[in-house]
There are 2 protein chains.
Amino acid sequence: MRITDSEPIEQCDCVCVHQEIVDFVTADMPAEEKLYDLAELFKVFGDSTRIKILYVLFEKEMCVCDIAELLHMTQSAISHQLRVLKQSSLVKFRREGKTVYYSLADSHVRTIINQGMEHIEE
Amino acid sequence: MRITDSEPIEQCDCVCVHQEIVDFVTADMPAEEKLYDLAELFKVFGDSTRIKILYVLFEKEMCVCDIAELLHMTQSAISHQLRVLKQSSLVKFRREGKTVYYSLADSHVRTIINQGMEHIEE
DNA sequence: TAAACATATGAACAATTATTCATATGAAAG
DNA sequence: CTTTCATATGAATAATTGTTCATATGTTTA
(Lines give C-alpha, C1' and ligand atoms only; values in the text may rest on other atoms or scores of the structure.)
Protein backbone atom coordinates (compact mmCIF):
# COMPACT_ATOMS: atom_id res chain seq x y z
CA MET A 1 0.00 0.00 0.00
CA ARG A 2 1.24 3.45 -0.86
CA ILE A 3 1.90 5.93 1.91
CA THR A 4 2.14 9.21 0.06
CA ASP A 5 1.66 10.61 -3.41
CA SER A 6 4.85 12.62 -3.34
CA GLU A 7 7.03 10.35 -5.46
CA PRO A 8 6.63 10.41 -9.23
CA ILE A 9 4.09 7.86 -10.40
CA GLU A 10 3.23 6.72 -13.85
CA GLN A 11 0.01 8.19 -15.11
CA CYS A 12 -3.00 6.63 -16.72
CA ASP A 13 -2.17 5.40 -20.22
CA CYS A 14 -5.58 6.22 -21.63
CA VAL A 15 -6.23 9.00 -24.11
CA CYS A 16 -9.82 9.67 -23.16
CA VAL A 17 -9.20 12.07 -20.26
CA HIS A 18 -11.96 14.62 -19.74
CA GLN A 19 -9.64 17.36 -18.58
CA GLU A 20 -12.29 19.86 -17.48
CA ILE A 21 -13.93 17.29 -15.20
CA VAL A 22 -10.58 16.25 -13.77
CA ASP A 23 -9.67 19.87 -13.05
CA PHE A 24 -13.05 20.66 -11.54
CA VAL A 25 -12.99 17.73 -9.14
CA THR A 26 -9.33 18.15 -8.26
CA ALA A 27 -10.05 21.66 -7.00
CA ASP A 28 -12.57 20.36 -4.45
CA MET A 29 -10.52 17.49 -3.04
CA PRO A 30 -9.51 17.62 0.64
CA ALA A 31 -5.79 17.60 1.39
CA GLU A 32 -3.93 14.38 0.73
CA GLU A 33 -3.04 14.08 4.42
CA LYS A 34 -6.66 14.39 5.53
CA LEU A 35 -7.78 11.66 3.16
CA TYR A 36 -4.99 9.47 4.44
CA ASP A 37 -6.05 10.06 8.06
CA LEU A 38 -9.63 9.28 7.14
CA ALA A 39 -8.60 5.94 5.64
CA GLU A 40 -6.56 5.23 8.78
CA LEU A 41 -9.66 5.87 10.89
CA PHE A 42 -11.80 3.45 8.90
CA LYS A 43 -9.03 0.89 9.00
CA VAL A 44 -9.64 0.81 12.76
CA PHE A 45 -13.30 -0.08 12.17
CA GLY A 46 -12.22 -2.69 9.64
CA ASP A 47 -11.48 -5.54 12.00
CA SER A 48 -14.13 -7.79 13.48
CA THR A 49 -12.53 -7.93 16.91
CA ARG A 50 -12.51 -4.15 17.18
CA ILE A 51 -16.06 -3.90 15.82
CA LYS A 52 -17.15 -6.36 18.49
CA ILE A 53 -15.41 -4.37 21.19
CA LEU A 54 -17.11 -1.17 20.03
CA TYR A 55 -20.48 -2.92 19.91
CA VAL A 56 -19.97 -4.28 23.40
CA LEU A 57 -19.24 -0.77 24.64
CA PHE A 58 -22.50 0.47 23.06
CA GLU A 59 -24.23 -1.04 26.05
CA LYS A 60 -22.03 -0.40 29.05
CA GLU A 61 -18.53 0.58 30.07
CA MET A 62 -16.57 -2.60 30.68
CA CYS A 63 -13.19 -3.72 31.98
CA VAL A 64 -10.63 -5.47 29.80
CA CYS A 65 -11.19 -8.79 31.49
CA ASP A 66 -14.95 -8.75 30.93
CA ILE A 67 -14.54 -7.91 27.25
CA ALA A 68 -12.07 -10.76 26.85
CA GLU A 69 -14.46 -13.17 28.56
CA LEU A 70 -17.41 -11.98 26.49
CA LEU A 71 -15.57 -12.32 23.18
CA HIS A 72 -13.80 -15.56 24.16
CA MET A 73 -10.41 -14.05 23.53
CA THR A 74 -7.23 -13.55 25.52
CA GLN A 75 -6.68 -10.50 27.69
CA SER A 76 -3.60 -9.69 25.66
CA ALA A 77 -5.40 -9.63 22.32
CA ILE A 78 -8.12 -7.36 23.71
CA SER A 79 -5.61 -5.07 25.33
CA HIS A 80 -3.70 -4.66 22.07
CA GLN A 81 -6.89 -3.79 20.23
CA LEU A 82 -8.07 -1.39 22.92
CA ARG A 83 -4.82 0.44 22.41
CA VAL A 84 -5.57 0.86 18.72
CA LEU A 85 -9.06 2.12 19.53
CA LYS A 86 -7.64 4.50 22.13
CA GLN A 87 -5.08 5.90 19.68
CA SER A 88 -7.90 6.78 17.28
CA SER A 89 -9.92 8.37 20.10
CA LEU A 90 -12.74 5.91 19.60
CA VAL A 91 -12.74 4.79 23.23
CA LYS A 92 -11.87 6.44 26.52
CA PHE A 93 -11.09 4.84 29.88
CA ARG A 94 -11.06 5.41 33.62
CA ARG A 95 -9.08 3.58 36.24
CA GLU A 96 -10.62 2.17 39.42
CA GLY A 97 -8.01 0.42 41.51
CA LYS A 98 -6.50 -2.35 39.48
CA THR A 99 -9.36 -2.30 37.00
CA VAL A 100 -9.56 -0.14 33.87
CA TYR A 101 -13.02 0.57 32.48
CA TYR A 102 -13.40 1.42 28.80
CA SER A 103 -16.29 3.24 27.13
CA LEU A 104 -17.12 4.86 23.78
CA ALA A 105 -15.44 8.21 23.19
CA ASP A 106 -18.12 10.11 21.31
CA SER A 107 -21.29 9.90 19.26
CA HIS A 108 -19.56 9.64 15.87
CA VAL A 109 -18.68 6.06 16.69
CA ARG A 110 -22.34 5.11 17.05
CA THR A 111 -23.39 6.98 13.94
CA ILE A 112 -20.68 5.43 11.79
CA ILE A 113 -21.43 1.90 12.99
CA ASN A 114 -25.19 2.39 12.66
CA GLN A 115 -24.87 3.71 9.10
CA GLY A 116 -22.64 0.76 8.26
CA MET A 117 -25.25 -1.62 9.66
CA GLU A 118 -27.98 0.04 7.62
CA HIS A 119 -25.89 -0.32 4.50
CA ILE A 120 -25.24 -4.03 4.85
CA GLU A 121 -28.87 -4.71 5.81
CA GLU A 122 -30.20 -3.30 2.54
CA MET B 1 -6.51 -12.27 11.54
CA ARG B 2 -9.24 -14.60 12.69
CA ILE B 3 -12.09 -15.42 10.34
CA THR B 4 -14.68 -16.92 12.64
CA ASP B 5 -15.27 -17.60 16.29
CA SER B 6 -16.38 -21.14 15.78
CA GLU B 7 -13.17 -22.92 16.81
CA PRO B 8 -12.43 -23.36 20.51
CA ILE B 9 -10.41 -20.44 21.88
CA GLU B 10 -8.71 -19.99 25.19
CA GLN B 11 -10.57 -17.73 27.53
CA CYS B 12 -9.51 -14.76 29.58
CA ASP B 13 -7.29 -15.81 32.48
CA CYS B 14 -8.57 -13.14 34.86
CA VAL B 15 -10.70 -13.84 37.91
CA CYS B 16 -12.47 -10.50 38.05
CA VAL B 17 -15.27 -11.30 35.58
CA HIS B 18 -18.51 -9.42 36.26
CA GLN B 19 -20.75 -12.22 35.07
CA GLU B 20 -24.04 -10.33 35.17
CA ILE B 21 -22.64 -7.57 32.94
CA VAL B 22 -21.18 -10.11 30.54
CA ASP B 23 -24.48 -11.96 30.31
CA PHE B 24 -26.49 -8.76 29.88
CA VAL B 25 -24.35 -7.46 27.04
CA THR B 26 -24.02 -10.85 25.35
CA ALA B 27 -27.79 -11.02 25.01
CA ASP B 28 -27.88 -7.79 22.97
CA MET B 29 -25.02 -8.54 20.58
CA PRO B 30 -25.79 -8.86 16.85
CA ALA B 31 -25.01 -12.17 15.18
CA GLU B 32 -21.35 -13.02 14.75
CA GLU B 33 -21.78 -13.06 10.97
CA LYS B 34 -23.29 -9.60 10.88
CA LEU B 35 -20.44 -8.13 12.90
CA TYR B 36 -18.01 -9.80 10.55
CA ASP B 37 -19.75 -8.33 7.50
CA LEU B 38 -19.72 -4.91 9.14
CA ALA B 39 -15.96 -5.12 9.66
CA GLU B 40 -15.58 -6.21 6.04
CA LEU B 41 -17.50 -3.13 4.94
CA PHE B 42 -15.32 -0.75 6.93
CA LYS B 43 -12.22 -2.51 5.63
CA VAL B 44 -13.27 -1.21 2.21
CA PHE B 45 -13.25 2.37 3.55
CA GLY B 46 -9.89 1.68 5.17
CA ASP B 47 -7.63 2.35 2.22
CA SER B 48 -6.61 5.80 1.07
CA THR B 49 -6.94 5.00 -2.63
CA ARG B 50 -10.51 3.83 -2.18
CA ILE B 51 -11.32 6.82 0.06
CA LYS B 52 -9.99 9.11 -2.65
CA ILE B 53 -12.08 7.37 -5.29
CA LEU B 54 -15.21 7.74 -3.16
CA TYR B 55 -14.42 11.40 -2.52
CA VAL B 56 -13.90 12.00 -6.21
CA LEU B 57 -17.30 10.45 -6.92
CA PHE B 58 -18.90 12.80 -4.37
CA GLU B 59 -18.70 15.46 -7.06
CA LYS B 60 -19.48 13.77 -10.35
CA GLU B 61 -19.72 10.41 -12.01
CA MET B 62 -16.42 9.66 -13.67
CA CYS B 63 -14.81 7.11 -15.96
CA VAL B 64 -11.97 4.85 -14.87
CA CYS B 65 -9.44 6.72 -16.94
CA ASP B 66 -10.29 10.11 -15.46
CA ILE B 67 -10.07 8.78 -11.91
CA ALA B 68 -6.67 7.29 -12.69
CA GLU B 69 -5.47 10.57 -14.14
CA LEU B 70 -6.82 12.58 -11.23
CA LEU B 71 -5.19 10.35 -8.61
CA HIS B 72 -1.96 9.89 -10.58
CA MET B 73 -2.34 6.14 -10.55
CA THR B 74 -2.46 3.39 -13.15
CA GLN B 75 -5.70 2.34 -14.80
CA SER B 76 -5.17 -1.17 -13.50
CA ALA B 77 -4.85 -0.13 -9.86
CA ILE B 78 -8.02 1.97 -10.07
CA SER B 79 -9.92 -0.78 -11.82
CA HIS B 80 -8.98 -3.29 -9.14
CA GLN B 81 -10.16 -0.93 -6.42
CA LEU B 82 -13.38 -0.08 -8.23
CA ARG B 83 -14.12 -3.77 -8.23
CA VAL B 84 -13.76 -3.89 -4.46
CA LEU B 85 -16.06 -0.88 -4.11
CA LYS B 86 -18.56 -2.46 -6.49
CA GLN B 87 -18.57 -5.73 -4.54
CA SER B 88 -19.53 -3.83 -1.39
CA SER B 89 -22.26 -1.93 -3.25
CA LEU B 90 -20.56 1.37 -2.54
CA VAL B 91 -20.44 2.41 -6.18
CA LYS B 92 -22.56 1.69 -9.23
CA PHE B 93 -21.72 2.09 -12.90
CA ARG B 94 -23.16 2.59 -16.35
CA ARG B 95 -21.60 1.82 -19.70
CA GLU B 96 -21.50 4.29 -22.58
CA GLY B 97 -19.72 2.82 -25.56
CA LYS B 98 -16.21 1.90 -24.53
CA THR B 99 -16.38 4.06 -21.46
CA VAL B 100 -17.66 2.98 -18.03
CA TYR B 101 -18.88 5.72 -15.68
CA TYR B 102 -18.87 5.10 -11.94
CA SER B 103 -20.88 6.91 -9.29
CA LEU B 104 -21.77 6.56 -5.59
CA ALA B 105 -24.30 3.86 -4.85
CA ASP B 106 -26.31 5.40 -2.00
CA SER B 107 -26.42 8.04 0.70
CA HIS B 108 -24.87 5.86 3.43
CA VAL B 109 -21.52 6.31 1.76
CA ARG B 110 -21.67 10.07 2.17
CA THR B 111 -22.89 9.88 5.74
CA ILE B 112 -20.20 7.45 6.79
CA ILE B 113 -17.41 9.46 5.20
CA ASN B 114 -18.76 12.75 6.55
CA GLN B 115 -19.00 11.36 10.10
CA GLY B 116 -15.47 10.06 9.79
CA MET B 117 -14.27 13.48 8.68
CA GLU B 118 -16.02 15.14 11.61
CA HIS B 119 -14.35 12.71 13.97
CA ILE B 120 -10.81 13.35 12.78
CA GLU B 121 -11.36 17.10 12.65
CA GLU B 122 -12.20 17.29 16.36
C1' DT C 1 -12.44 -8.49 -40.13
C1' DA C 2 -8.80 -5.95 -38.18
C1' DA C 3 -7.09 -2.26 -35.47
C1' DA C 4 -7.56 0.87 -31.64
C1' DC C 5 -8.96 1.93 -27.26
C1' DA C 6 -11.22 1.58 -22.45
C1' DT C 7 -11.62 -1.51 -18.97
C1' DA C 8 -11.04 -5.94 -16.39
C1' DT C 9 -8.43 -9.57 -14.33
C1' DG C 10 -4.93 -13.33 -12.79
C1' DA C 11 -0.51 -14.07 -10.66
C1' DA C 12 3.21 -12.47 -7.92
C1' DC C 13 5.53 -9.59 -4.69
C1' DA C 14 5.98 -6.34 -0.96
C1' DA C 15 4.03 -4.39 2.89
C1' DT C 16 0.84 -4.38 6.67
C1' DT C 17 -1.30 -6.37 10.69
C1' DA C 18 -3.87 -9.50 14.33
C1' DT C 19 -2.76 -12.81 17.51
C1' DT C 20 0.24 -15.39 20.59
C1' DC C 21 3.75 -15.88 24.03
C1' DA C 22 6.53 -14.14 27.44
C1' DT C 23 7.17 -10.60 30.38
C1' DA C 24 6.72 -5.87 32.35
C1' DT C 25 4.09 -2.33 34.83
C1' DG C 26 1.12 -0.67 38.33
C1' DA C 27 -2.20 -0.97 42.14
C1' DA C 28 -4.05 -3.15 46.31
C1' DA C 29 -3.79 -6.24 50.21
C1' DG C 30 -1.45 -8.92 53.53
C1' DC D 1 8.20 -5.20 51.15
C1' DT D 2 6.21 -9.06 48.97
C1' DT D 3 2.50 -11.22 46.73
C1' DT D 4 -1.41 -11.10 43.88
C1' DC D 5 -4.08 -9.61 40.28
C1' DA D 6 -5.48 -6.56 36.17
C1' DT D 7 -3.57 -4.58 32.42
C1' DA D 8 0.07 -3.29 29.01
C1' DT D 9 3.58 -4.22 25.69
C1' DG D 10 7.64 -6.05 22.67
C1' DA D 11 8.92 -9.56 19.43
C1' DA D 12 7.70 -13.07 16.29
C1' DT D 13 4.70 -15.42 13.19
C1' DA D 14 0.91 -16.18 10.02
C1' DA D 15 -2.38 -14.27 7.17
C1' DT D 16 -4.18 -10.54 4.43
C1' DT D 17 -3.94 -7.15 0.83
C1' DG D 18 -2.60 -3.15 -2.63
C1' DT D 19 0.00 -2.51 -6.61
C1' DT D 20 2.39 -3.95 -10.76
C1' DC D 21 2.91 -6.46 -14.96
C1' DA D 22 1.14 -8.96 -18.58
C1' DT D 23 -2.74 -10.08 -20.87
C1' DA D 24 -7.76 -10.73 -21.73
C1' DT D 25 -12.41 -8.89 -22.74
C1' DG D 26 -15.52 -6.00 -25.00
C1' DT D 27 -16.84 -1.95 -27.86
C1' DT D 28 -16.23 1.15 -31.74
C1' DT D 29 -14.48 2.54 -36.13
C1' DA D 30 -11.95 1.98 -40.42
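Small disclaimer: the values here were computed from a predicted structure and weren't measured. All chains are named by letter (A, B, ...) in the order of the sequence lines, taking the proteins before the strands, and each is independently numbered beginning at 1.
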Considering residues at least two apart in sequence or located in another chain, which fulfil the side chain to side chain contact (heavy atoms under 4.5 Å, CB included) criterion with B/K86?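 Per chain and number, B/K86 pairs via side chain to side chain contact (heavy atoms under 4.5 Å, CB included) with B/V91, B/F93, B/Y102.
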
Could you tell me which residues satisfy side chain to side chain contact (heavy atoms under 4.5 Å, CB included) with B/Q87, sequence neighbours excluded, listed by chain and number?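 Result, side chain to side chain contact (heavy atoms under 4.5 Å, CB included) vs B/Q87: B/R83.
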
Between residues 97-106 of chain B and DNA chain D, which residues have a heavy-atom gap below 4.0 Å?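 Nucleic-acid contacts, sorted: B/G97, B/K98.
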
Mind running a 4.0 Å heavy-atom check of residues 18-25 of chain B against DNA chain D and sending the residues that fall below it, in number order?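 When residues 18-25 of chain B is checked for heavy atoms under 4.0 Å from DNA chain D, there are no hits whatsoever.
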
Please tell me if the side chains of [X] and [Y] come closer than 4.5 Å, counting only heavy atoms from C-beta onward.
X: A/L70; Y: A/M62; answer: yes
X: B/H18; Y: A/E69; answer: no
X: B/D106; Y: B/L90; answer: no

N or O in side chain of B/T49 less than 4.0 angstrom from D/dG18 OP1/OP2: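 For D/dG18, neither OP1 nor OP2 has a side-chain N or O of B/T49 closer than 4.0 Å.
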
How close or far is atom [atom2] of [N] from atom [atom1] of [X], stated in whole angstroms?
X: B/F93; N: C/dT7; atom1: CZ; atom2: P; answer: 12 Å
X: A/R50; N: C/dA18; atom1: CZ; atom2: C1'; answer: 8 Å
X: B/E96; N: C/dC5; atom1: CD; atom2: C1'; answer: 16 Å
X: A/D47; N: D/dT17; atom1: CG; atom2: P; answer: 11 Å
X: B/I51; N: D/dG18; atom1: CD1; atom2: P; answer: 12 Å
X: B/Y36; N: C/dA18; atom1: OH; atom2: P; answer: 13 Å
X: A/F42; N: C/dT17; atom1: CZ; atom2: C1'; answer: 20 Å
X: B/M73; N: D/dG18; atom1: CE; atom2: C1'; answer: 8 Å

Which word best sums up how the rings of A/H108 and B/H119 line up, parallel for under 30°, tilted for 30 to 60°, or perpendicular for over 60°?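 Aromatic pair A/H108/B/H119 classed perpendicular.
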
Would you call the rings of B/Y55 and B/F58 parallel, tilted or perpendicular, where under 30° means parallel and over 60° means perpendicular?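 Aromatic pair B/Y55/B/F58 classed parallel.
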
Every protein N/O within reach of nucleotides 9-11 of chain D N/O, cut-off under 3.5 Å:
residue, atom, partner, partner atom, Å
D/dT9, O4, A/S76, OG, 2.6
D/dG10, O6, A/H80, NE2, 2.8

Can you sort out the partners of A/K34 under salt bridge (Lys or Arg N to Asp or Glu O under 4.0 Å), two or more places apart, ordered by chain and number?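 Applying salt bridge (Lys or Arg N to Asp or Glu O under 4.0 Å) to A/K34 gives B/E121.
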
Considering residues, nucleotides and ligands other than A/Q19, do more than 12 of their heavy atoms fall under 6.0 Å from its CD?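 Yes, CD of A/Q19 has more than 12 neighbouring heavy atoms, counting only those of other groups under 6.0 Å.
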
Mark yes or no for whether A/R50, through its side chain, and A/K43, through its backbone, hold a donor-acceptor pair below 3.5 Å.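 Pair found, side chain donor or acceptor close to backbone of A/K43.
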
With no hydrogens and no angle check, do the side chains of A/E118 and A/N114 hold a donor and an acceptor under 3.5 Å apart?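 The criterion, which ignores hydrogens and geometry beyond distance, is not satisfied for A/N114 and A/E118.
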
